[in-house]
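Here the structure is laid out as structure tokens; the discussion comes afterwards.
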Amino acid sequence: MTLNLHNTYTRQKEAFRPIDPGNVRMYVCGPTVYDDIHIGNARPLVIFDVLARVLRDAYGDGNVTYARNITDVDDKIIERAAENGEEIEALTVRTTENFHAAAAALGCLPPDVEPRATDHIPQMIALIEHLIGKQHAYAEQGHVLFDVPSMPEYGKLSGRNRDEMIAGARVEVAPYKRDPADFVLWKPSADDQPGWDSPWGRGRPGWHLECSAMSEEHLGASFDIHGGGVDLVFPHHENEIAQSLCAHPDDSFARTWVHNGYLMSEGEKMSKSLGNFYTVTDLLVEFPGEALRLALLKTHYRQPLDFTRDGVREARQELNRFYRALALHETGVSDGEAHAVPNDVSDAVYDDLNTPLALSGLHAAADAAFAAETPEDVAAATGALKAAGELLGLLQQDPEVWFQGDGDAAIDALIAERIAARDAKDFARADEIRDQLAADGIVLEDGPGGTTWRREG
RNA sequence: GGCCCGGUGGCAGAGUGGCUAUGCAGAGGACUGCAAAUCCUUGUACGUCGGUUCGAUUCCGGCCCGGGCCUCCA
């Protein structure tokens, strides 16, 4: 099946053709580790996790290399560490751990490679020297700048020309720049700032450089997909292109550029003062990570997404229905087939990751499970639902765990007491127990196979 | 100011030049000791003004509204 992807570089949906189907390579910009990630950071995390799953589905598990970097040298990190009175490494290690925990809770598989900027300083310095040698960069007052006018095609990804950028520039032009559009590849570090020895003195890399150096190190100078949020199109990705293409003019750098749309929160731009700034860690106290993931996938990745708590609640309701359907499946009963992803689901996902449309296919599979009349039919329908869920990174828990968590002996005891009361036709006591559990958010269901329960937030 | 994206039923959200997804919430019914779940029924939306067309929510243009980017925010 052909995978279609919207390519920011051409502004069109294109049939995806990997350079090497035996090693499909994707690079995604990961977090700068100075603070816990917020829900806006979670969107690309989840989107590109889905894309990685789709690539593995299309080309085979072992034939995809997904690289996602950790930016662990950055001025924001320096500032934050100073504010906290914390060592820089303590901050970056702690934040990285939180990031990994959040990603796991959101159902994201680890990338195949997770390069750190600080592990690639020699490669960055070599890249700078290469660019200087090709007259695309120059050293000035301890800084090294990329010479934007040396690259006539600069601006193609973001669709802007240099004049526009200069006209709109909000920031004063630094005196060491030959051209206002030039950007920093290397900058000097003060004694109390992290720094590495270089031909231009002790300093640290500019932000854009690391992605050019690390993608080349791990994926090569030509690779298939480069992803990130739309706000990275300019300047970050534009500058990566400039660095990488000027260093390696015979290579293509990334061939397909995939960008997810912006996220708003509760109808407004997320900001701490508005009280709509949600970190993933905070949201996880209130909601299952899987509900957050579904809430993010209910909107097409290129559309703007208004993230709301109500939206997460709705996602959780949908997951309840999916897991109810999965719970219909009796262990041990098999319809004798390996379960494929239903065609409507894979068609949707392969068409530029149309996850909202794909989800309608999951609902159809759930309907089929409820309508099934034999255990084999149930097994077939739930198998299809689970396979479809896996492609999206959903529905991989045991339904009992989804509904009940780790279980609770006190609840089991009350349910046993209620069953005894019902058998004795003591409905007053039975209802009393129902109400008591309901007050704690526990919903009971009396079915033909006995009484089950679930937590409702 | 320049560039870009979006405005779909109560809400969320796909999609399409003509047969109008899907979900959540709501209403009615079946079922149920009660409830939940499930099933059935129900709700005819596409910002606005023009244009193209036999026909536009879907194409084109103006306008209005919302959002984003314009040197380090995913």
Side-chain angles (χ1 to χ4, degrees), chain A residues 8 11 28-32 37-48 71 74-76 146 148 155 158-161 163-174 177 180-184 187 206-209 227-236 238-239 259-264 267-270 294-295 298-300 302-306 308 310-311 313-318 320-321 324-325 327-328 344 348 351 354-364 366-367 369-371 422 425-428 430-431 434-435 438 443-448 451-454 456:
Chain A
T8 308
R11 311 204 175 249
V28 175
C29 292
T32 300
I37 62 164
H38 60 250
I39 191 66
N41 300 307
R43 173 127 98 143
L45 198 55
V46 168
I47 293 297
F48 291 103
T71 299
D74 183 275
D75 287 0
K76 284 196 298 294
F146 184 88
V148 169
S158 55
R160 57 188 86 211
N161 62 48
D163 294 339
E164 287 167 359
M165 290 184 291
I166 294 162
R170 297 182 297 197
V171 177
E172 259 182 71
V173 177
K177 289 188 180 184
D182 292 351
F183 58 89
V184 171
K187 58 182 155 190
W207 176 40
H208 315 299
L209 191 65
V230 268
D231 51 332
L232 292 183
V233 172
F234 188 88
H236 183 53
E238 196 71 76
N239 291 352
H259 292 99
N260 63 273
Y262 205 79
L263 178 141
M264 298 209 302
E268 295 185 271
K269 182 168 180 170
M270 205 162 30
L294 178 57
K298 278 168 60 99
T299 299
H300 183 86
R302 283 194 285 115
Q303 291 292 113
L305 164 57
D306 184 12
T308 62
D310 281 346
R313 289 184 194 105
E314 186 176 316
R316 185 165 55 188
Q317 292 296 101
E318 285 186 57
N320 280 344
R321 183 177 161 85
R324 256 179 229 125
L328 259 27
D344 54 351
D351 186 14
N354 192 338
T355 52
L357 187 60
L359 288 165
S360 70
L362 299 219
H363 279 103
D367 288 345
F370 287 121
R422 290 178 66 207
K425 304 279 188 228
D426 181 1
F427 293 122
D431 287 349
R434 175 189 287 292
D435 292 344
V443 177
L444 301 184
E445 292 187 33
D446 299 325
T451 296
T452 60
W453 63 274
R454 66 173 192 274
E456 291 255 312

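Keep in mind it's a predicted model, so treat the numbers as computed, not measured. Every chain is numbered from 1, with letters handed out A, B, ... down the list of sequences.
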Original post:
Parallel, tilted or perpendicular: which describes the rings of A:Phe183 and A:His208, with under 30° parallel and over 60° perpendicular?
Top reply: perpendicular
Nucleotide nearest [X] (side chain, heavy atoms from C-beta), chosen from [options]:
X        : options             : result
A:Arg422 : B:G33, B:G68, B:A14 : B:G33
A:Pro304 : B:A14, B:C34, B:C5  : B:C5
A:Phe234 : B:G67, B:C69, B:G13 : B:C69
A:Lys76  : B:C34, B:A14, B:C73 : B:C73

Original post:
Mind checking the C1' distance from B:U53 to B:C69? Whole angstroms is fine.
Top reply: 37 Å
Subject >> Atom P, compared across B:G61 and B:G67: separation rounded to whole Å >> reply: 24 Å
Subject >> First of A:His38 and A:Gly361 reached from the 5' end of RNA chain B, by closest nucleotide >> reply: A:Gly361
Original post:
Of all residues at least two apart in sequence or in a different chain, which pass the salt bridge (charged side-chain N to carboxylate O under 4.0 Å, His left out) check with A:Asp306?
Top reply: none
Original post:
Tell me, for nucleotides 36-41 of chain B in 5' to 3' order, what letter each nucleotide earns: B for a base near a protein heavy atom under 4.0 Å, S for only sugar-phosphate near one, - for neither?
Top reply: BSSS--
Subject >> Base of B:G23 paired with side chain of A:Glu318 (donor-acceptor, under 3.5 Å) >> reply: no
Original post:
So does A:Asn354 reach the base of B:G15 with its side chain, donor to acceptor, closer than 3.5 Å?
Top reply: no
With a non-hydrogen cut-off below 4.0 angstrom, is [X] in contact with a base, only sugar-phosphate, or nothing?
X        : value
A:His236 : nothing
A:Leu359 : nothing
A:His300 : sugar-phosphate

Original post:
How is the base pairing of RNA chain B summarised as a dot-bracket string, given the Watson-Crick and G-U wobble criteria with both distances under 3.5 Å, [ ] for crossing and | for another strand?
Top reply: (((((((..(((.....[...))).(((((.......)))))....(((((..]....))))))))))))....
